[in-house]
There are 2 protein chains.
Amino acid sequence: MTTQTTSAERRTPLSRDRVMRAALALVDEGGMGALTMRRLGRSLGVEAMALYRHVTNKDEIVDGLVDLVFEEIGAPADGVGWKSAMRQRAISLREVLTRHRWAVGLMESRPNPGRANLRHHDAVIGNLRAAGFDMAMAAHAYALLDAYIYGFAMTHMALPFDTATPGEVAEMAEGMLRAFPVNEFPNLAAFISEHAMHPGYDFGDEFEFGLDLILDGLERASTEPSR
Amino acid sequence: MTTQTTSAERRTPLSRDRVMRAALALVDEGGMGALTMRRLGRSLGVEAMALYRHVTNKDEIVDGLVDLVFEEIGAPADGVGWKSAMRQRAISLREVLTRHRWAVGLMESRPNPGRANLRHHDAVIGNLRAAGFDMAMAAHAYALLDAYIYGFAMTHMALPFDTATPGEVAEMAEGMLRAFPVNEFPNLAAFISEHAMHPGYDFGDEFEFGLDLILDGLERASTEPSR
DNA sequence: ACCTGAACACCGTTCAAGT
DNA sequence: ACCTGAACACCGTTCAAGT
């Protein structure tokens, strides 16, 4: 259910902060599609037009939401070595993105990065540089890690067997296999029935396999003569 | 400019195929935001409501567009070894995604995968299995490669210095550095001015660095005792 | 058989008007 | 100072009506 506004809340005057918090509740509950100025107004007990006194437009609200998400990411730790600092950050970022699935496609695509965004990027680059990465190697590492983290969140988000019970999973496997000619796509059929839909398989576990493979590769590349 | 319909085209009766081709032209030119039933109708010289005779709704059009994109991806080659087959496929997929930027967030998120999509996934799994990957290792490889490829396309797409000339790049660098307090984000400032905005730096070049790092890592993992 | 007009329930945003 | 009503230019989709 959408947040209902009590009369006490109604008396509290609108503010940019209240608008942003209500917007975050809306998207966390119903995704980006649920964020409309009219609905946002309603959740605050106000007409949509009143919002324009506190934000210049909807785009600014989305910019603000993305920065709220950046605030939740743990900064890379100092004094533990770049590898475990990057590992921690990656896992934290992934957790944040599963809490706020609507944000996955937006984190890196806003033309107006907020302060939390800049702070986070600054901290990651700073950590890598302090560990002895030169600029080129830091750029390699950052591009690779972020592509992987965001890409994993994106492909994972799409999967249907995420919140399903084992019984539902078996049902879905059958449904999927009925949906396409098994003999035309034998490898895919085998993959689904023999692996992906097996009890105990959790796609989310793939994340750390890839993450560690990448971190090991970066370690090797950073100690080798430059390429 | 949007495609104008000549009187000859107007006489050709509408068909699912013509609707899909017109829709593809629309999104390639103006992104997903440009795809509306009314505009699509107009580009075909017809009212929006006429489209519903040939497609059941807009969602079906998007499903069809995504499958058109899957058709453009080169299938992994046989007989060249999994590593160069996967390398080829990754590069082909990335090229396709830069041609159809609007597709980046949609390729893996449609609940109704089309035949080209299934064919492609089947071919990739088949190639890995034929090269001796067991199911678990094929799943690792596929999850990692796709996360990286789609994630890279997503983060790359967002960057402003892509179609810019060196002169424009220098201008943007100045603009960005003026936009935030340099002493608050010193690492980011150094990164931008000393590296990212330098003439000769092309973010797209980062793709193959990460791709080869991942392929090397997969090779190592697949010949090691299982993890 | 194929397309259109009018309608419905939505959008974001502007602006004069109300308290 | 802060909010609202009415309006504008859009959406996707349905359905009776036209040819």
Side-chain angles (χ1 to χ4, degrees), chain A residues 2-27 29-66 102 106 109-112, chain B residues 1-2 4-27 29-66 102 106 109-112:
Chain A
T2 299
T3 327
Q4 279 300 338
T5 304
T6 70
S7 52
E9 280 169 337
R10 181 65 193 82
R11 213 162 283 126
T12 318
L14 230 47
S15 67
R16 203 192 134 84
D17 204 67
R18 281 190 68 215
V19 171
M20 292 308 307
R21 287 206 318 272
L24 187 62
L26 232 45
V27 291
E29 198 176 290
M32 262 299 145
L35 182 64
T36 76
M37 297 304 273
R38 282 165 165 93
R39 261 193 262 197
L40 180 53
R42 204 180 311 140
S43 84
L44 289 160
V46 113
E47 296 297 317
M49 306 77 195
L51 302 170
Y52 287 87
R53 197 147 291 271
H54 301 97
V55 293
T56 60
N57 54 31
K58 187 177 173 179
D59 240 54
E60 198 185 278
I61 296 179
V62 177
D63 283 339
L65 288 177
V66 168
W102 53 268
L106 302 174
S109 73
R110 299 267 93 197
N112 292 309
Chain B
M1 280 303 298
T2 298
Q4 278 301 338
T5 306
T6 70
S7 53
E9 279 168 337
R10 180 65 192 83
R11 211 161 284 125
T12 319
L14 231 47
S15 67
R16 202 192 135 84
D17 205 66
R18 283 190 67 218
V19 171
M20 291 308 306
R21 287 205 317 273
L24 187 60
L26 232 46
V27 290
E29 200 176 289
M32 262 298 147
L35 182 64
T36 76
M37 298 303 273
R38 282 164 165 95
R39 261 193 262 200
L40 180 53
R42 204 180 310 142
S43 84
L44 288 160
V46 113
E47 297 297 317
M49 305 80 196
L51 302 169
Y52 287 87
R53 198 145 291 270
H54 300 96
V55 294
T56 61
N57 54 32
K58 187 178 172 178
D59 240 54
E60 197 185 279
I61 296 180
V62 177
D63 284 340
L65 287 177
V66 168
W102 52 268
L106 301 173
S109 73
R110 299 267 93 197
N112 291 309

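The model shown is predicted, which means the values in this text are computed figures rather than measured ones. The sequence lines fix the lettering, A, B, ..., with proteins before strands; numbering per chain opens at 1.
- Inter-residue side-chain proximity for B/L26 and B/W102 is flagged as unmet; no heavy-atom pair is nearer than 4.5 Å.
- A distance of 7.0 Å separates CZ of A/R21 from OG of A/S15, quoted to the nearest 0.5 Å.
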How does protein contact run along nucleotides 7-19 of chain D, one letter per nucleotide 5' to 3', with B for base contact, S for sugar-phosphate only, - for none, heavy atoms under 4.0 Å? B---BBBB-----

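- When rounded to the nearest whole Å, the span between CG of A/L51 and P of D/dC2 equals 14 Å.
- As a whole-Å value, the separation of B/R16 CZ from C/dC3 P is 16 Å.
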Convert the base pairs of DNA chain D into dot-bracket notation, remembering that pairs crossing earlier ones are written with [ ] and that bases paired across to another strand are shown as |; include only Watson-Crick or G-U pairs under 3.5 Å. ||.|||||...|||||.||

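- One can place CD of A/E47 at 5 Å from P of D/dT4, the figure rounded to the nearest angstrom.
- B/L65 has its side chain within reach of B/M32: a pair of non-hydrogen atoms, C-beta onward, lies under 4.5 Å apart.
- Residues A/K58 and A/L51 form no side-chain contact, since every pair of their non-hydrogen atoms from C-beta on lies 4.5 Å or further apart.
- Taking the side chain as every heavy atom from C-beta outward, B/D59 and B/R110 approach each other to under 4.5 Å.
- Between the B/D17 side chain and the B/M20 main chain, no donor and acceptor come within less than 3.5 Å of each other.
- Using a 4.5 Å heavy-atom cutoff, the side chains of B/V27 and B/V62 are not in contact.
- Between the side chain of B/N57 and the backbone N or O of B/E60 there is at least one donor-acceptor pair closer than 3.5 Å.
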